[in-house]
Amino acid sequence: MIVRVVLAAIVVLGLVFAVSSCGTIESGNVGIRTTLGKVSADEVEPGIYLGVPGISRVQEFSAKEIGLDLNDLTPKARDNLSLRDLDVTVYYRVMPGSVADLYVKYAGQHTRDEGSRVYLPAYALLQRVARNAIYQQASHIDSLVMHTQREELAQAVRKSLQGELDANDKGVFQITRVVIRSLTTDPAIEKAIQDSVAAQKQLETTKQRIAIAEAEAQVEVKKAEGIARANQIINQSLTREYLQHESNLALLKFAEKGGTTTVVLPANMQTAPLINIGK
């Protein structure tokens, strides 16, 4: 009886060990097999894997896009003013065929995701390098305009980070995108930005007023030029004969009224004075 119990216990323990040494790798991930402390150079492909109880184990690593959040950053801008808060998410992917090499090269730099229980390769390394890239690229932009250049900052960080990773591990990492989630400047900078915007709007208003005044002045100049031109034409047409003609017309009107005594002596008149003496 005791023998049967012992045998049953051995079988159960064997099954437990067998189950614990077997598992599956999710599609898009790879496994890293360690046998007696030695890491296999070949990644375990997605699917079911088998192991030897107590001798080998397989750890699952993500080969999918990984989001790396960097929060509460306070980099200095080009004008030496620090941002109040900068939150950035860097998305990266590791080439599946390079995970085993990374596992050895950057031992201790990998992080296990508590939700999926999958390891994120070189997560701590990316966290450190990405932080440095963000601080470096932020220092090239003035604090007063950084809020308007979020996309430019994100692209500069992606390019800088990709370049630094390629310098040490060519073709291993791919920075897929960088997202600036939040960018808050210092209160003093916010006040300066508001003052700058107000001054810009005031300048635009002043320019519009000047443009309107100049347009109105041009209208007045055109009117004056028109009047001067008209007077010039009139003056050129006022000949002695024309004035005599006008005098004759005026005399005719006086004569038609009758019963009046009128003397007409125009100033500087060059024609003969017109005198009408009534009866």
Side-chain angles (χ1 to χ4, degrees), residues 15-35 37-75 85-135 150-151 153-155 157-158 160-162 164-166 168-169 171-184:
L15 290 174
V16 170
F17 276 112
V19 171
S20 63
S21 62
C22 301
T24 59
I25 301 296
E26 183 180 340
S27 178
N29 296 336
V30 295
I32 302 301
R33 185 185 299 275
T34 304
T35 304
K38 183 179 180 180
V39 178
S40 174
D42 298 323
E43 291 79 10
V44 179
E45 298 294 330
I48 299 175
Y49 65 85
L50 300 175
V52 180
I55 297 178
S56 69
R57 62 170 182 165
V58 174
Q59 295 172 277
E60 186 174 2
F61 278 75
S62 174
K64 303 175 184 178
E65 185 180 64
I66 301 170
L68 171 63
D69 292 331
L70 297 107
N71 301 322
D72 305 323
L73 304 179
T74 57
D85 178 62
L86 178 63
D87 298 334
V88 181
T89 299
V90 175
Y91 294 90
Y92 74 98
R93 180 182 289 112
V94 174
M95 298 300 104
S98 302
V99 176
D101 293 335
L102 291 179
Y103 180 80
V104 176
K105 183 175 182 179
Y106 297 111
Q109 299 291 310
H110 318 296
T111 300
R112 189 174 188 182
D113 181 63
E114 294 302 325
S116 63
R117 312 297 291 177
V118 174
Y119 284 89
L120 308 178
Y123 190 88
L125 170 69
L126 265 293
Q127 193 174 40
R128 183 175 63 256
V129 177
R131 179 185 175 89
N132 291 339
I134 292 169
Y135 273 72
R150 294 164 64 121
E151 184 61 29
L153 175 60
Q155 292 301 322
V157 170
R158 189 194 67 79
S160 173
L161 181 54
Q162 186 68 66
E164 186 166 351
L165 293 172
D166 286 343
N168 296 315
D169 299 283
V172 174
F173 297 97
Q174 179 187 7
I175 303 302
T176 55
R177 52 196 171 118
V178 175
V179 178
I180 306 296
R181 293 183 286 108
S182 174
L183 194 159
T184 305

Test Leu126 against Leu165 for side-chain contact (heavy atoms from CB on, under 4.5 Å), laying out the working first.
CA-CA 9 Å; Leu126 265 293; Leu165 293 172; 3.6 Å; yes
As a quick check of understanding, evaluate side-chain contact (heavy atoms from CB on, under 4.5 Å) for Tyr103 and Val30, giving each step before the final call.
CA-CA 12 Å; Tyr103 180 80; Val30 295; over 6 Å; no
Yes or no on side-chain contact (heavy atoms from CB on, under 4.5 Å) for Leu70 and Asp87, after CA distance, side-chain angles and deciding distance?
CA-CA 6 Å; Leu70 297 107; Asp87 298 334; over 6 Å; no
Take Arg181 and Thr89, measure what side chain to side chain donor-acceptor pair (under 3.5 Å) needs, and give me the verdict at the end.
CA-CA 7 Å; Arg181 293 183 286 108; Thr89 299; 2.5 Å; yes
Where do Lys64 and Asn29 land on the side-chain contact (heavy atoms from CB on, under 4.5 Å) test, with the steps shown first?
CA-CA 7 Å; Lys64 303 175 184 178; Asn29 296 336; 3.8 Å; yes
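Every residue two or more places apart in sequence or in another chain was checked for a side chain to side chain donor-acceptor pair (under 3.5 Å) with Tyr123, and none qualifies. With sequence neighbours excluded, the residues that form a salt bridge (charged side-chain N to carboxylate O under 4.0 Å, His left out) with Glu65 are Arg177.
The shortest heavy-atom contact between Glu43 and Asp101 is OE2-N, 4.5 Å. Listed here is the closest heavy atom pair of Pro46 and Glu26: CB-O, 3.8 Å. When all heavy atoms of Ile180 and Ala154 are compared, the pair lying nearest together is CG1-CB, 3.9 Å. Of all non-hydrogen atoms in Lys105 and Asn168, the two that sit nearest each other are NZ-O, 3.4 Å. Gly31 and Ile25 get closest at one heavy-atom pair: CA-CD1, 3.9 Å. Considering every non-hydrogen atom in both Ser40 and Ala100, the closest pair reads O-CB, 3.8 Å.
The main-chain N or O of Val88 is never found under 3.5 Å from a side-chain atom of Asn71 such that the two would form a donor-acceptor pair. A distance-only check finds a donor-acceptor pair linking the side chain of Tyr135 to the backbone of Thr74 [under 3.5 Å]. In this structure, the side chain of Ser160 does not engage the main chain of Ala133 through any donor-acceptor pair within 3.5 Å.
The distance from atom OH of Tyr119 to atom OG of Ser62, rounded to the nearest 0.5 Å, is 13.5 Å.
Relative orientation of the Tyr92 and Phe173 rings is tilted, given thresholds of 30° and 60° on the angle between their planes.
Put simply, the side chain of Ser98 does not reach to within 4.5 Å of the side chain of Asp169, judged on heavy atoms.
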